[in-house]
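Taking it in order: structure first as structure tokens, then the write-up.
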Amino acid sequence: MSKLSLTPMAVDKLEVFANPGEVRHDVHVFVEYVRSREVKRSHRSNQLSKSDALRLAQLMTDPKAPAEVKENGASGWVDFVDDLARQLGFVNYDTKGVYVGYNSEHASFPDNVMRFNEEAYAHFLDTPPLQQERRLLEVLLKGANEFYQTSVVGRLDGFSMRGSATNVVPSLDFNAIRRFLLDQLQNCPSGVWLSTAAFIAHLKTAHPYFLIPQQLPKSKWGKELKRYECFYEGKNPWENDASITEQMSDAFERVEGRYVERFLEGLPLILRYIDVAYGPPAKPKLYPALHQLRAFRVSERFGRIRAGDLAAPKVTVLPNFEIYLESELYPAQVLARLTPLAEVTSNQPDTITILKLQKAKVAAQLVRDPTLNVPALLKKLTGRDLPKNVAVELEEWAGHSEKFVLYEGFSLLEGDSAVAEPFTVESLSPALRLVRQPDKLFTCLEKAELAPLRFKHPQFELLPMPEQAQTGFPAQPAEAAPKPEEKRVVTLMRRTTIALHFSFEPELLEKVRQTLLAARCSFEVDQTYHTLTFSQASERQVTESLQALGEAYEIQIQDFKDSE
């Protein structure tokens, strides 16, 4: 088909709206939330609890959702994703309820716990992104008709439902109508703002019966139906009592045109196929609003989705262990393979997701599946060799993985006793079994006079068993006698010096000092006490200096006595 010739439109004076919520991302967030905990729906309304709704709102992409939950206890976007996950078959819960008592007017939902459907979800993840998109589209094409139900991301009001069961609407195939309009959008030029009024005018001229067929069917009572019977409008939202008739010159715009506006802000806007721009209604005091969605812009991605030529997700592993994942659609399939090995550090659901490989995660996956070859998996996803340092480090991580299974709320029982049979979950060996209700079992063993010993390990380590325990596990070694304290070896350096006292002969002391300086001898002089101090190594030089003064002095050396 050729492109529709619609004149571009300026939107600088209109209110432009692009849906910030990414439903493809959020439905997986919802499924993971249900998968990882018990989610119980409310007894009366079958809605999510406020606490669950708030946590989900904070995880999803609609920025208004958390505030809506805090104010109203619920979010339209969270509820929409909730219902979508159920329709896709990813989660199940009771939607019919039970009527408690003869006078019950509304169903109740006691103990309505949500269940995760692993098989359906795994099958969905195993399909390529384009096929996932088609599956998502199939579900949304079956949605409630836009005449009466407003869009979760829209703002336009709907027609009154008065007479809706007796007019032409029940006979319309809305699935086919939506597919036709998507085909029309595919033929619109992408990336430019187009007039909604011009689009409606094109449909009126080229496809006047795209919504209501030319040959009208009869009602289920055999009554001849009128084209616009039971379509009402009015001067306020709660009194739409003026009938729309075929005689009106703009009847097509009032019915089919209103439907087109509401369709545009429905499925195409939810899936981010288009952006829209709003202005004041053409007739401000007429309800439902007429010609308020003034313009729309088709995304280039929508054309590629319809043509089936989307590029495959691109994965790049960097030397710093970061993984860049580029994809036009939320890459649930690739992320399902990467998130068990890496932590998401930045997420733009329909552009780039950044992850970082984590040693602990890789080791945990290798414990669960010893045959897993992480380098080979990453190479397959990237289509190229890994950076050398990443490949080497991954091999190192693989060598350090060990298997360890922790059972919470259970105990290991050593020994073989019939008392333990009702508590046994699994016999691991003739003398070792995994048991439930350890407190109750311990009481039973005591009553049987078997002298049980219970030992509890701390949270983050395994301790040796007590010395007196009869066990096959490592026991605490007996306390050894204290060893005598070893003597500390200390080495002291000794240096012997000689002091010559010159009494009151400072002249002689000075001459000896001069001689020793000339001979470059090491010594110390104390002028106060007229003392010359030197080491034994310098004794020969000092003796020679004294002998050199023998012509003028008769020098005698005398040792001090101990008493002195």
Side-chain angles (χ1 to χ4, degrees), residues 17-101 103-118 120-121 124 136 139-140 143-144 148-158 161 237 265-267 269-272 330 332 335 339 343-344 347-349 408-409:
F17 178 74
N19 177 20
E22 175 50 89
V23 68
R24 302 167 186 84
H25 168 272
D26 290 352
V27 74
H28 293 284
V29 166
F30 185 87
V31 171
E32 287 300 322
Y33 185 87
V34 174
R35 182 187 206 170
S36 61
R37 71 198 71 205
E38 181 179 278
V39 179
K40 187 176 180 180
R41 305 182 74 85
S42 63
H43 183 91
R44 297 297 298 172
S45 64
N46 202 24
Q47 298 296 306
L48 293 166
S49 69
K50 184 175 181 179
S51 57
D52 283 325
L54 181 57
R55 282 192 287 265
L56 282 163
Q58 292 168 340
L59 294 171
M60 291 184 182
T61 52
D62 180 11
K64 304 187 305 297
E68 289 178 355
V69 175
K70 290 177 183 177
E71 183 177 352
N72 305 317
S75 158
W77 181 258
V78 174
D79 290 343
F80 174 78
V81 174
D82 171 8
D83 187 61
L84 179 60
R86 183 187 62 81
Q87 292 187 69
L88 286 166
F90 300 159
V91 298
N92 298 312
Y93 51 89
D94 181 15
T95 58
K96 296 181 179 179
V98 294
Y99 289 86
V100 182
N103 297 324
S104 297
E105 295 182 2
H106 303 285
S108 297
F109 301 86
D111 299 319
N112 194 9
V113 178
M114 301 185 71
R115 298 178 300 278
F116 166 61
N117 190 338
E118 185 172 3
Y121 188 60
F124 183 85
L136 182 63
V139 172
L140 295 180
Y148 308 117
Q149 184 167 322
T150 57
S151 169
V152 67
V153 293
R155 62 181 63 177
L156 301 178
D157 53 344
M161 293 190 68
E265 68 167 14
L267 185 155
L269 188 59
I270 290 170
L271 290 178
R272 301 165 83 172
Y330 184 70
L335 281 173
T339 49
E343 196 74 31
V344 176
N347 187 17
Q348 300 294 330
E408 294 186 1

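Values below: all heavy atoms of this structure, side chains included; hydrogens, waters and symmetry mates excluded.
- Atom CZ of R44 and atom CZ of F109 lie 9.5 Å apart (nearest 0.5 Å).
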- Using the side-chain contact (heavy atoms from CB on, under 4.5 Å) rule, take M60 and F30 through it: C-alpha gap first, then chi angles, then the decisive distance, then the call. CA-CA 8 Å; M60 291 184 182; F30 185 87; 4.0 Å; yes

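- Atom-to-atom distance recorded for Q47:CD and D52:CG is 12.0 Å, nearest 0.5 angstrom.
- In this structure, the side chain of S75 does not engage the main chain of V69 through any donor-acceptor pair within 3.5 Å.
- Proximity of a side-chain donor or acceptor of R24 to a complementary backbone N or O of L271 within less than 3.5 Å is detected.
- At least one donor-acceptor pair closer than 3.5 Å links the side chain of E265 to the backbone N or O of R155.
- With N112 as the fixed residue, the side chain to side chain contact (heavy atoms under 4.5 Å, CB included) test singles out one of V39, N46, T95: N46.
- Considering all non-hydrogen atoms of both residues, V98 and P110 come closest at CG2-CD, 3.8 Å.
- Of all heavy-atom pairs between V31 and A85, the closest is CG2-CB, 4.5 Å.
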- What do the steps show when you test L84 against D26 for side-chain contact (heavy atoms from CB on, under 4.5 Å), and what is the final call? CA-CA 10 Å; L84 179 60; D26 290 352; over 6 Å; no

- Message: Let's go through N19 and W77 carefully: what are the C-alpha distance in whole Å and the side-chain angles of both, what is the deciding distance for side-chain contact (heavy atoms from CB on, under 4.5 Å) to 0.1 Å, and is it a yes or a no?
- Response: CA-CA 11 Å; N19 177 20; W77 181 258; 4.2 Å; yes

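- A 6.0 Å sphere centred on CD of E32 holds more than 12 heavy atoms belonging to other residues, nucleotides or ligands.
- R272 has a carboxylate O that lies under 4.0 Å from a charged side-chain N of E22, or vice versa, which qualifies the two as a salt bridge.
- Heavy atoms only, all atoms of each residue included: P63 and P20 are closest at CD-CG, 3.6 Å.
- Each of D83, L48, L54 was scored for a side chain to side chain contact (heavy atoms under 4.5 Å, CB included) with V78, with one residue passing: L48.
- Side-chain contact between F80 and V23 is present, with at least one heavy-atom pair separated by less than 4.5 Å.
- Screening residues 65-82 for salt bridge (Lys or Arg N to Asp or Glu O under 4.0 Å) gives R41-D82 as the qualifying pairs, with residues at least two apart or on separate chains.
- The backbone N or O of G97 sits less than 3.5 Å from a side-chain atom of D94, completing a donor-acceptor pair.
- Between H28 and Y121, the angle of the ring planes lies from 30° to 60°, which puts this pair in the tilted group.
- Here K50 contributes atom NZ and S42 contributes atom OG; the two are 14.0 Å apart, rounded to the nearest 0.5 Å.
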